[in-house]
Amino acid sequence: TGTGRHPVEPRHVVAVILAGEVVAQVEVAFLPAGEGNIELVQPMTGDSGIAKYLQKRGEGIHHIALAVADIEAALAHHRGKRSIVPSVTL
């Protein structure tokens, strides 16, 4: 790629923690994409919420997260357009 980075960064097994409890163990890998990364997530067990989501809906894109300098301006830009902005984390 000319960046010196391997196309897929090393994989890591991580715990997904929600409200202080481990709710899943997943294997994660990062695929460099421009100035960001695509995160690939694979559940380690078949009984986690992530595994059940995949069993029901299949593989694919779950969500896309973008960082913007001015969240209010970005939301104003997309209001009234056919953009999908279901949630915002500040």
Side-chain angles (χ1 to χ4, degrees):
T1 62
T3 63
R5 296 194 308 180
H6 189 274
V8 176
E9 297 295 325
R11 296 177 177 197
H12 303 280
V13 175
V14 298
V16 177
I17 299 172
L18 183 63
E21 292 187 41
V22 175
V23 294
Q25 286 191 324
V26 296
E27 184 174 12
V28 231
F30 292 93
L31 176 67
E35 294 182 25
N37 294 294
I38 296 174
E39 180 184 26
L40 306 174
V41 179
Q42 178 179 6
M44 301 296 293
T45 63
D47 62 346
S48 70
I50 295 167
K52 291 174 185 174
Y53 178 92
L54 290 171
Q55 290 167 1
K56 182 177 180 180
R57 295 184 176 91
E59 297 175 351
I61 296 174
H62 181 269
H63 66 275
I64 298 174
L66 304 171
V68 296
D70 184 343
I71 189 66
E72 295 301 329
L75 289 171
H77 173 78
H78 289 283
R79 282 192 187 100
K81 297 183 180 179
R82 298 189 92 168
S83 301
I84 299 172
V85 185
S87 65
V88 175
T89 303
L90 301 173

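Residues take their numbers from the sequence shown, with the count starting at 1.
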*Just wondering, do Gln25 and Thr45 contact through their side chains at under 4.5 Å, heavy atoms?*
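Not touching, per the 4.5 Å side-chain cut-off.
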*Kindly compute the distance separating CD (Gln42) from CD1 (Ile50), expressed to the nearest 0.5 Å.*
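Taking CD in Gln42 and CD1 in Ile50, the distance rounds to 11.0 Å.
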*Hey, what do you get for CZ (Phe30) to CG (Leu40), rounding to the nearest 0.5 Å?*
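Between Phe30 CZ and Leu40 CG, I get 9.0 Å after rounding to 0.5 Å.
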*Closest contact, heavy atoms only, Lys52 versus Asp47*: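 Between these two residues, the closest heavy atoms are CE-O, 3.4 Å.
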*asked:* Could you report the tightest heavy-atom contact between Ala24 and Ser48, atom names first, then the distance?
replied: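 Closest pair (atom of Ala24, atom of Ser48, distance): CB-CB, 3.6 Å.
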*Between the side chain of Asp70 and the main-chain N/O of Glu72, is any donor-acceptor distance below 3.5 Å?*
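At least one qualifying donor-acceptor pair exists.
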